[in-house]
Visitor: 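Below is the structure I would like to discuss, written out as structure tokens.
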Amino acid sequence: MSKIADPRLAEAGKKNFEWARKHMDALVKLAEKHEEKKTLEGVRIGVCLHITKETSVLIDSLIRAGAEVFIAAANPLSTNDDIAAYLATRCHIWAWRGETEEDYKWCIKQVITKKPDQIIDDGADMHVMAHEMNAKWVRGGTEETTTGVVRLRSMEGEGKLMYPIIAVNNAKTKFLFDNRYGTGQSTIDGILRATSLLLAGKNFVVVGYGWVGKGIAIRARGMGARVYVVEPDPIKALEAHLEGFHVGRISKFAKIGDIFVTATGQKGVIRYEHMERMKDGAILANAGHFDVEIDIRTLNSKARNIREVRQNVEEYELPNGKKIYVLARGRVVNLVAAEGHPPEVMQMSFANQFAATVYISNNYKTMKAGLYDVPVKVEAEVAAAALSAYGIELERMTREQKQYAKSWKV
Ligand SMILES: NC(=O)c1ccc[n+]([C@@H]2O[C@H](COP(=O)([O-])OP(=O)(O)OC[C@H]3O[C@@H](n4cnc5c(N)ncnc54)[C@H](O)[C@@H]3O)[C@@H](O)[C@H]2O)c1
């Protein structure tokens, strides 16, 4: 029996779904309003997201609002098979952990050939394939992550976008929390689950000090690591410096680091020339969207010996005799070696996804092809839902204070 059709796995997935749903009130409450009205009745939605318990809560919300959902995974190694089995009882899904590159593309293609009206994507692989397939039936969609937005902006610049896409990643209620605190915690979680080593006292090199890198750096410091930051942007490098981190080049830190994590969205930020200088026992992981940040291809071709020493830990013996360790094959370590972002963070990202999907469904006829920000009204709605979910009360300004804020008089 294939895993996706295994009822015991589906039952385990259902429990994980329920656990996540209990901690995703912002999404659940926002979506409840659309359940009665069946706002998405008859809308066919193609989804390309990491198949996690949090994603199953988004899918559940879309189905409750009336949508028909078709899903493929956003990474060949990130699918939780129990969640895939559970989702198979609720919608159409093509995903399993350990897909080959070919399987991965095949799964995404299956979704597009089912003629979805809208696409929810993470990394833009489904949007790109829909364009390659000239999928004229797609009315619009959304994009979850920084790398996907970068790719879509490049397509927009070349005049290639065929439909409107909302850049969910760029909502403040997404990137300030998901990219920073979500990836911060789950990346550390992935490294610990894979290695079971101590972080305290280790030299921990973070390559890229954007939203994701910031989160990883502060959480690594919280665990007692000495944090080193590599960053080409002058303002961000200054920020890292004044935050108390050592800032410098990867060529210098290569010799110093015990653990390296990339989070840039760039390719080849750790190259073989750096790996050759690393200490025996150095550990490398990636938190950026694609597995291109650490040059694994060259490492594969140069290594004297490669073997798996633990789940998600591959040992590479270099020609100089040193051994270095790559986690999760250089793919998103927080999703492959751990479970991705916690539900309390994903409730905001996915509340944005849900609301943006409803917005496209209501407005696609008047929207031109192009990349859009999450509408301000939607952002405010998500922030209010998140505050209520966290049980946070905002201070109220007095009338006098409101006037003072606008006045030049002391
Ligand atoms: N693993 C996850 O769950 C997860 C979650 C959110 C985002 N992401 C992905 O993480 C990556 C980073 O996202 P972000 O939101 O932090 O983007 P960002 O644009 O805020 O940050 C990227 C940073 O990398 C820096 N950088 C670029 N080239 C570099 C180089 N050669 N060396 C060092 N630094 C370099 C940039 O200057 C920038 O500061 C993207 O691929 C994004 O899609 C992953």
Side-chain angles (χ1 to χ4, degrees), residues 48-52 54-55 73-75 77-78 121-125 143-153 167-172 174-191 205-219 228-241 243 245 247-254 257 260-271 273-274 285-295 327-328 330-343 345-346 348-350 352-353:
C48 183
L49 293 172
H50 300 289
I51 312 297
T52 62
E54 292 74 18
T55 295
N75 186 295
L77 299 185
S78 68
D121 205 354
D122 183 337
D125 279 346
E143 171 51 48
E144 170 79 5
T145 198
T146 318
T147 285
V149 172
V150 169
R151 295 175 80 194
L152 294 170
R153 185 146 290 138
V168 164
N169 180 71
N170 295 3
K172 287 201 184 99
K174 198 279 181 180
F175 72 86
L176 286 177
F177 305 96
D178 171 311
N179 299 28
R180 187 165 37 170
Y181 304 116
T183 323
Q185 173 166 317
S186 58
T187 297
I188 301 294
D189 187 11
I191 293 169
V205 182
V206 179
V207 187
Y209 196 67
W211 294 110
V212 171
K214 285 181 169 86
I216 297 170
I218 52 173
R219 292 298 181 249
Y228 296 74
V229 168
V230 178
E231 171 58 58
D233 179 286
I235 305 297
K236 291 176 185 171
L238 281 169
E239 265 185 288
H241 176 64
E243 194 56 51
F245 300 129
V247 183
R249 295 194 176 154
I250 185 65
S251 51
K252 183 175 166 198
F253 292 162
F260 296 81
V261 182
T262 53
T264 67
Q266 248 305 347
K267 64 191 275 195
V269 296
I270 295 186
R271 298 183 290 280
E273 70 209 60
H274 307 128
N286 167 49
H289 187 78
F290 284 118
D291 59 342
V292 295
E293 306 213 5
I294 302 169
D295 184 2
L327 308 188
R331 294 194 187 267
V332 270
V333 68
N334 60 324
L335 283 140
V336 179
E339 293 174 59
H341 301 356
V345 167
M346 289 315 289
M348 283 190 273
S349 310
F350 283 165
N352 276 297
Q353 280 289 8

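In listed order, ligands and their atoms are each counted from 1. Both backbone and side-chain heavy atoms feed into the values below; hydrogens, waters and symmetry mates do not. In this chain, numbering begins with 1 at the start of the sequence shown.
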Visitor: In terms of relative ring orientation, are F245 and Y209 parallel, tilted or perpendicular, with 30° and 60° separating the classes?
Guide: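 Ring orientation, 0 to 90° scale: perpendicular.
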
Visitor: Quick one: table the atom pairs, ligand 1 N or O against protein N or O, below 3.5 Å, distance rounded to 0.1 Å.
Guide:
unit_1: ligand 1; atom_1: 1 (N); unit_2: A287; atom_2: O; d: 2.8
unit_1: ligand 1; atom_1: 1 (N); unit_2: N334; atom_2: OD1; d: 3.0
unit_1: ligand 1; atom_1: 1 (N); unit_2: N334; atom_2: ND2; d: 3.4
unit_1: ligand 1; atom_1: 3 (O); unit_2: N334; atom_2: ND2; d: 2.8
unit_1: ligand 1; atom_1: 13 (O); unit_2: T146; atom_2: OG1; d: 3.4
unit_1: ligand 1; atom_1: 15 (O); unit_2: T146; atom_2: OG1; d: 2.7
unit_1: ligand 1; atom_1: 15 (O); unit_2: N179; atom_2: ND2; d: 2.9
unit_1: ligand 1; atom_1: 16 (O); unit_2: W211; atom_2: N; d: 3.1
unit_1: ligand 1; atom_1: 16 (O); unit_2: V212; atom_2: N; d: 2.8
unit_1: ligand 1; atom_1: 20 (O); unit_2: W211; atom_2: N; d: 3.2
unit_1: ligand 1; atom_1: 37 (O); unit_2: E231; atom_2: OE2; d: 2.6
unit_1: ligand 1; atom_1: 39 (O); unit_2: E231; atom_2: OE1; d: 2.8
unit_1: ligand 1; atom_1: 39 (O); unit_2: E231; atom_2: OE2; d: 3.2
unit_1: ligand 1; atom_1: 39 (O); unit_2: K236; atom_2: NZ; d: 3.0
unit_1: ligand 1; atom_1: 41 (O); unit_2: T147; atom_2: OG1; d: 2.5
unit_1: ligand 1; atom_1: 41 (O); unit_2: H289; atom_2: N; d: 3.0
unit_1: ligand 1; atom_1: 43 (O); unit_2: T145; atom_2: OG1; d: 2.7
unit_1: ligand 1; atom_1: 43 (O); unit_2: T147; atom_2: N; d: 3.1
unit_1: ligand 1; atom_1: 43 (O); unit_2: T147; atom_2: OG1; d: 3.3

Visitor: Run the side chain to side chain donor-acceptor pair (under 3.5 Å) test against Q353 and tell me which residues pass, sequence neighbours left out.
Guide: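 Per chain and number, Q353 pairs via side chain to side chain donor-acceptor pair (under 3.5 Å) with T142, E144.
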
Visitor: Less than 4.5 Å apart, any side-chain heavy atom of V149 and any of R153?
Guide: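 When only atoms from C-beta onward are counted, R153 and V149 do touch, with a gap below 4.5 Å.
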
Visitor: For D125, check side chain to side chain donor-acceptor pair (under 3.5 Å) against everything at least two apart and list the hits.
Guide: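 In terms of side chain to side chain donor-acceptor pair (under 3.5 Å), with neighbours along the sequence ignored, D125 is linked to Y104, R151.
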
Visitor: Under the rule for ring pair (Phe, Tyr, Trp, His ring centres under 6.0 Å), what residues qualify as partners of F260, not counting sequence neighbours?
Guide: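 Listed in chain order: nothing, the list is empty.
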
Visitor: Classify the ring geometry between W211 and F175 as parallel (under 30°), tilted (30 to 60°) or perpendicular (over 60°).
Guide: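 Ring orientation, 0 to 90° scale: tilted.
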
